*Asks:* 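Below is the structure I would like to discuss, written out as structure tokens.
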Amino acid sequence: EREAGAFGIFVITYSLFFLAAGLFLVLVLRHWGYLSLSDTLGKQYLYMTLAIAGLMIFKHLILALIGYIFPLQKEVSRYSFTIMLFSIVIGFFLVLATTVLAYVPEESRNVVIYTSLGVLLLLYAIRLLQSILIANRFIFNYKFHFLSYICAVEIGPALCLFKILTDF
């Protein structure tokens with residue numbers, strides 16, 4: 001469907017993921033005390049949304065570069081599309097989770113946060129399994145390249161984001 005002209009819908013719903021993830025992250029970090037309550041919510045929301053969008057766009061650009069350099073165009077395209085689809089699903093879930101988180105009483109927020117994080121972890125694990133199925137033939141033949149990719153594109157940005165978020 002992506003090639004049949006439905007790409008605009010994917011971009012719109014992918015943008016929903018960035019917006020929902022940014023707001024969810026701001027609400028969670030404010031609740032846990034990592035973000036100052038004196039700063040405006042809009043400014044924090046803008047920075048988080050742009051950071052998430054920047055990381056994901058950078059990831060897609062790295063994947064496109066890998067697909068261009070190495071003979072992996074088909075697999076990289078499928079993997080990039082898988083990331084987009086799972087992010088869209090996560091975006092719809094985060095709209096619900098953020099709405100609940102914004103309106104529940106203060107004492108119930110930890111339950112909502114940890115339940116949401118558990119669902120997100122489950123969805124991420126399913127995405128990882130799908131990704132392994134896509135990259136199955138490359139994992140065992142090119143172990144060094146696969147581990148380099150995992151460290152540079154998957155784990156590295158997550159650790160950098162964690163470091164940035166915990167230094168506030």
Side-chain angles (χ1 to χ4, degrees), residues 1-65 67 76-131 134 152-168:
E1 292 295 325
R2 184 169 62 166
E3 286 82 17
F7 189 69
I9 298 298
F10 287 115
V11 171
I12 291 169
T13 53
Y14 200 30
S15 299
L16 175 72
F17 161 71
F18 299 141
L19 297 171
L23 186 57
F24 181 78
L25 194 57
V26 167
L27 291 178
V28 168
L29 292 176
R30 282 182 135 211
H31 176 71
W32 285 344
Y34 287 110
L35 293 178
S36 171
L37 296 176
S38 63
D39 287 343
T40 63
L41 180 69
K43 185 171 125 180
Q44 291 172 342
Y45 174 58
L46 177 67
Y47 289 152
M48 290 298 168
T49 303
L50 290 176
I52 292 168
L55 283 173
M56 295 302 284
I57 290 169
F58 179 72
K59 185 181 220 175
H60 286 292
L61 289 175
I62 292 291
L63 286 170
L65 182 66
V76 167
S77 178
R78 285 182 58 210
Y79 178 58
S80 187
F81 191 64
T82 300
I83 290 172
M84 183 185 269
L85 285 179
F86 273 90
S87 296
I88 289 169
V89 171
I90 288 171
F92 287 128
F93 169 75
L94 284 176
V95 167
L96 175 67
T98 303
T99 304
V100 171
L101 182 63
Y103 292 108
V104 297
E106 186 74 29
E107 59 273 0
S108 301
R109 287 192 179 159
N110 278 333
V111 174
V112 173
I113 290 170
Y114 288 120
T115 303
S116 299
L117 291 176
V119 171
L120 291 174
L121 188 65
L122 178 67
L123 289 171
Y124 187 73
I126 293 170
R127 191 193 94 187
L128 283 177
L129 288 173
Q130 177 67 28
S131 302
I134 292 171
V153 179
E154 296 291 337
I155 296 172
L159 291 177
C160 290
L161 182 64
F162 177 76
K163 178 71 173 152
I164 289 169
L165 292 176
T166 56
D167 281 348
F168 276 111

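None of the values given here were measured: they were computed from a predicted structure.
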*Asks:* Can you give me the closest heavy-atom contact between Arg30 and Thr40, atom names plus distance?
*Replies:*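 Where Arg30 meets Thr40 most closely, the heavy atoms are NH2-C, 4.2 Å.
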*Asks:* Looking only at non-hydrogen atoms, find the nearest pair between Ser36 and Gln44 and report the distance.
*Replies:*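 Closest pair (atom of Ser36, atom of Gln44, distance): O-NE2, 2.8 Å.
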*Asks:* Is Leu120 close to Tyr124 at the side-chain level, that is, under 4.5 Å between some pair of heavy atoms?
*Replies:*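 Of all side-chain heavy-atom pairs linking Leu120 with Tyr124, none is under 4.5 Å.
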*Asks:* Does His31 reach the side chain of Glu106, with side-chain heavy atoms less than 4.5 Å apart?
*Replies:*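 Yes. Closest side-chain heavy atoms under 4.5 Å.
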*Asks:* Could you label the plane-to-plane angle of the Tyr14 and Phe17 rings as parallel, tilted or perpendicular, counting under 30° as parallel and over 60° as perpendicular?
*Replies:*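 It falls in the parallel class, under 30°.
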*Asks:* Determine the minimum heavy-atom distance between Val111 and Thr115, stating which atoms define it.
*Replies:*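 In terms of heavy atoms, the two residues are closest at O-OG1, 2.7 Å.
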*Asks:* Checking the side chain of Tyr45 only, and the main-chain atoms of Leu27 only, is there a donor and an acceptor separated by less than 3.5 Å?
*Replies:*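 A pair under 3.5 Å: no.
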*Asks:* Main chain of Arg127, side chain of Ser131: is a donor-acceptor contact present, judged purely on distance under 3.5 Å?
*Replies:*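 Checked: pair present.
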*Asks:* Counting C-beta onward and ignoring hydrogens, is there a side-chain heavy-atom pair between Phe92 and Thr13 closer than 4.5 Å?
*Replies:*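 They are in contact (side-chain heavy atoms under 4.5 Å apart), so the answer is yes.
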*Asks:* Of all heavy-atom pairs between Gly22 and Thr49, which one has the smallest distance, and what is that distance?
*Replies:*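 Minimum heavy-atom separation between Gly22 and Thr49: CA-OG1, 3.6 Å.
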*Asks:* Which atom pair, heavy atoms only, marks the closest approach of Leu94 to Ala20?
*Replies:*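 Looks like CB-CB, 3.8 Å.
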*Asks:* Over 60° means perpendicular and under 30° means parallel, so classify the ring planes of Tyr114 and Trp32, tilted if in between.
*Replies:*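 If you compare the ring of Trp32 with that of Tyr114, the planes turn out tilted.
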*Asks:* For the residue pair Leu16 and Ile12, establish whether any side-chain heavy-atom pair is separated by less than 4.5 Å.
*Replies:*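 SC-SC contact between Leu16 and Ile12 ruled out.
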*Asks:* If we only count heavy atoms from C-beta on, is the Phe93 to Ser116 side-chain gap below 4.5 Å?
*Replies:*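 Yes, side chains in contact.
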*Asks:* Tell me the closest heavy-atom pair linking Ala97 and Phe24, and the distance in Å.
*Replies:*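 Closest approach of Ala97 to Phe24: CB-CE1, 4.2 Å.
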